[in-house]
Amino acid sequence: MSHTVRIREKVLSVAYRAQYMRAIETTGPEPEKPGDAPIVIFLPAGLKYSVGPGRLFVRYARKLALNGFICYRFDPLGIGISDGSLEAGPVHKAWNFIEKGGFVEELTFFIHHVRKKYPERKVVICGLCGGAITAILLAHRYPELVDGVISINIEPFFSTALSRTTGDKTITHINSVMKNYTAKIFSGTAWRRLFSLQSDVRGILRIGMLFLTQNRKRKKRGLQEFKNLNHPLATAFSGMQQDGTEHLMLFSEHSRCWHDFQETFFTHLMDSKTTAPFQEIRVIDQANHELQFEEWRMKAFDYIEKWLQRNFST
């Protein structure tokens, strides 16, 4: 006779500055039983609340709960199911608020609350894009509160009202676009789009010129030469190495974040091209920024699950 293992989910409300922050707590059959598995807190991806793109973090939390993890999908004030609202204005201003650590103190308060509830367990925080930035800034500012960070598609640059200027494109991004163009050389559809002017001809020519000129000079750029780089994030990223905080970095091959990261933090702030002390990088082949397809999501989860087992199991 088969039986179904029950997942338990409930809303946890925490009072903060006369309002309530809320999170969905996900546990397995015996959540109160002490164990080695840490608490995993999932953060909103930018302004998208903590279910994650396509309910990504709902699935991850439920899978981990079956293995003894206690998971929280946390929403700070003004996001998702928590009280409050964000200040009205251009969306890039709201993103800048997050990129500068706008949610760090609220998450810190929440972690204090959770640690009191489960003092024997370690804490890992996980975020995608803006959530990854919040996780890194907090882990550096309060290293005693966080034992591990899982960052998915960290973006090293601040958001702006306009697309990034042509001169600010990284060499790795230019090379990736050229690789895609090259793959379409024998595509009849691609040529038809080009000759019918459906393709961005100016964009193709611009990238081609940048490919020729930037690959010709190939001079390594210092971090200070990149416009709009998030330098507080760079400082926190380096600080996590010094603090010894375990850090898993996941990137999607076709996310701009991966190309931006390679030429900035990857080149200047890591001791190795694959891993560094306390740091590990994994790239999901063909994946886009939000891990849209099931294959990509499960590959990312496989990396997360194995990393947690290696670093947080006795």
Side-chain angles (χ1 to χ4, degrees), residues 9-26 39-62 70-117 123-142 145-146 149-162 228 230-233 235-237 255 257 289-292:
E9 293 187 318
K10 63 181 181 181
V11 177
L12 175 65
S13 298
V14 179
Y16 180 79
R17 296 184 178 179
Q19 298 185 92
Y20 281 97
M21 301 184 298
R22 297 183 179 87
I24 302 298
E25 180 185 83
T26 305
I39 293 165
V40 180
I41 301 175
F42 294 97
L43 310 179
L47 299 174
K48 298 177 181 178
Y49 66 108
S50 57
V51 296
R55 298 179 60 82
L56 177 70
F57 292 151
V58 176
R59 298 186 61 188
Y60 284 6
R62 291 173 179 175
I70 297 174
C71 298
Y72 291 93
R73 293 185 282 108
F74 171 71
D75 285 321
L77 296 178
I79 297 289
I81 60 174
S82 291
D83 292 348
S85 60
L86 299 178
E87 183 179 345
V91 69
H92 77 277
K93 293 292 186 182
W95 290 338
N96 290 161
F97 171 76
I98 298 169
E99 292 158 351
K100 294 175 181 177
F103 291 153
V104 167
E105 294 306 319
E106 294 171 22
L107 177 58
T108 299
F109 189 89
F110 181 79
I111 292 175
H112 275 295
H113 179 87
V114 170
R115 278 192 172 277
K116 288 178 182 177
K117 188 176 180 181
V123 172
V124 173
I125 48 181
C126 174
L128 187 155
C129 197
I133 294 172
T134 299
I136 293 169
L137 292 173
L138 186 148
H140 175 56
R141 192 179 302 179
Y142 302 107
L145 291 181
V146 179
V149 169
I150 302 167
S151 60
I152 305 172
N153 290 324
I154 316 163
E155 174 52 66
F157 293 93
F158 285 116
S159 301
T160 61
L162 302 174
N228 216 36
N230 190 336
H231 288 284
L233 178 63
T235 299
F237 183 88
S255 170
C257 296
H289 184 70
E290 295 187 342
L291 301 173
Q292 182 178 7

Can you tell whether the side chains of [X] and [Y] come within less than 4.0 Å, N to carboxylate O?
| X | Y | value |
| --- | --- | --- |
| E290 | K48 | yes |
| K117 | E25 | yes |
| E9 | R62 | yes |

Kindly give the heavy-atom pair with the smallest separation between [X] and [Y], and that separation in Å.
| X | Y | answer |
| --- | --- | --- |
| T134 | V104 | O-CG2, 4.0 Å |
| V149 | A139 | CG2-CB, 3.7 Å |
| S151 | I154 | OG-CD1, 3.3 Å |
| L137 | P232 | CD2-O, 3.9 Å |

*asked:* For the backbone of A61 and the side chain of R73, can you confirm whether one donor and one acceptor N or O come within less than 3.5 Å of each other?
replied: no
_Using only atom types and a distance under 3.5 Å, with no angle test, would you say the side chain of D75 pairs donor to acceptor with the backbone of I81?_
yes
*asked:* For the residue pair S159 / H92, report whether a side-chain donor-acceptor contact shorter than 3.5 Å exists.
replied: no
Evaluate the side-chain proximity of [Y] to [X]: yes if any heavy-atom separation is below 4.5 Å, no if none is.
| X | Y | result |
| --- | --- | --- |
| R22 | L12 | no |
| L47 | I79 | yes |
| I24 | Y72 | no |
| L233 | E99 | no |
| L43 | F74 | yes |
| C126 | I152 | yes |
| V14 | V114 | no |
| F42 | S50 | no |

Rounded to the nearest 0.5 Å, how far apart are [atom1] of [X] and [atom2] of [Y]?
| X | Y | atom1 | atom2 | answer |
| --- | --- | --- | --- | --- |
| S13 | Q19 | OG | CD | 12.5 Å |
| L77 | L86 | CG | CG | 9.0 Å |
| C257 | N153 | SG | CG | 5.0 Å |
| I150 | I125 | CD1 | CD1 | 10.0 Å |
| I133 | F158 | CD1 | CZ | 8.0 Å |
| L128 | E155 | CG | CD | 11.5 Å |

*Y16 OH: over 12 foreign heavy atoms closer than 6.0 Å*: yes
*asked:* Working note: C71 + I41, criterion side chain to side chain contact (heavy atoms under 4.5 Å, CB included); need CA distance, chi angles, decisive distance, verdict.
replied: CA-CA 6 Å; C71 298; I41 301 175; over 6 Å; no
*Yes or no on side chain to side chain contact (heavy atoms under 4.5 Å, CB included) for F109 and M21, after CA distance, side-chain angles and deciding distance?*
CA-CA 10 Å; F109 189 89; M21 301 184 298; 3.9 Å; yes
*Applying the ring pair (Phe, Tyr, Trp, His ring centres under 6.0 Å) test to F103, which of Y49, F110, F97 qualifies?*
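For F103, the ring pair (Phe, Tyr, Trp, His ring centres under 6.0 Å) check succeeds only for F97.
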_Determine whether E105 and R141 satisfy the following criterion, side chain to side chain contact (heavy atoms under 4.5 Å, CB included), listing intermediate values before the conclusion._
CA-CA 10 Å; E105 294 306 319; R141 192 179 302 179; 2.8 Å; yes
*Can you list the steps and then say if L138 with I111 is a side chain to side chain contact (heavy atoms under 4.5 Å, CB included)?*
CA-CA 11 Å; L138 186 148; I111 292 175; 4.0 Å; yes
